[in-house]
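Heavy-atom basis, side chains included; hydrogens, waters and symmetry copies ignored. For reference, positions follow the sequence shown, starting with 1. One-based numbering, in listed order, for ligands and for the atoms of each.
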Amino acid sequence: MIFLDRVSKKYPRTARPALEKFSLQVAPGEFVIIMGRSGAGKSTILKLLTREEKPTNGKIVVGGIDYDDLHDRDVPLLRRRIGVVFQDYKLLPHRTVYENVAFAMEISGMTNREIELNVPKILELVGLKGKEDKFPRHLSGGESQRVAIARAMVRQPKILIADEPTANLDDETSIEIVKLLIKINRYGTTVLMITHDTNIVKKLRHRVVQIAGGRLVGDTALKKAVK
Ligand code: ADP
């Protein structure tokens, strides 16, 4: 469960809060789209969930972990539960597809045997079989994002947050990437997809949480509950 209760965030030396009394509950296994224009506060939600930033006010609880009780030493454990992908992929340029994924596994403490066993499985899951030896500069945007998603999934996180994962992709490739996120969600991972792309959102039937000026301005799940 992801639980944010009246969370506010004001960055130092800014006039207005980036988030204001923002509340959201996401059940395990949900697929939620967080939508809003640039500057609405979407990435701030991501940074608060990964503990890159701390809220000015309000409560955050993720998977039973109350962030008020979180020590700095617990942050790596928290981050293991939350996979993150970004619009610019952040791949290691001098490593192949295989090595990008294997390196993430190495960092998370897996043995060579585990790595040899799991890299092919995860590359198959994201649809990159046959691309193992390619370097990032030889990949399309969609393939690069698949590598980034594979890397985010190596620790089998409970939650995957995708921050504008389709921002640099054409419409057709964007849909393919969203389908991959939906597939990952069906295997049991909670997915939060941050986007400003209304075209993509219109094509999906998933829950949409809308944010503007740091405030929650719409949640299709709440509308359903009222009807
Ligand atoms: P979005 O992801 O929806 O584009 P952000 O969460 O990145 O929005 O930003 C929300 C607001 O907070 C914006 O006005 C932005 O300029 C401001 N902001 C974000 N990060 C910082 C920061 N580190 N310092 C100061 N202001 C910030």
(request) Keeping to residues at least two apart or across chains, list the side chain to side chain donor-acceptor pair (under 3.5 Å) pairs with something in residues 181-204. (result) Glu164-His196
(request) Could you tell me whether Arg95 sits above the aromatic face of Phe103, with NZ or CZ closer than 6.0 angstrom to the six-membered ring centre and within 45 degrees of the axis? (result) yes
(request) Can you tell me which residues line ligand 1 if we count any heavy atom under 4.0 angstrom from one of its atoms, in chain and number order? (result) Tyr11, Thr14, Ala18, Arg37, Ser38, Gly39, Ala40, Gly41, Lys42, Ser43, Thr44
(request) Could you grab the distance from atom CG of Leu192 to atom CG of Leu160, nearest 0.5 Å is fine? (result) 8.5 Å
(request) Taking the side chain as every heavy atom from C-beta outward, state whether Thr56 and Pro17 have any atom pair closer than 4.5 Å. (result) no
(request) Output all residues satisfying ring-ring contact (aromatic ring centres under 6.0 Å, His included) with Phe31, sequence neighbours left out; order by chain, then residue number. (result) His206
(message) Once side-chain hydrogen bond (donor to acceptor under 3.5 Å, both in side chains) is applied, do any residues pair with Thr50, and if so which ones, sequence neighbours excluded?
(response) none
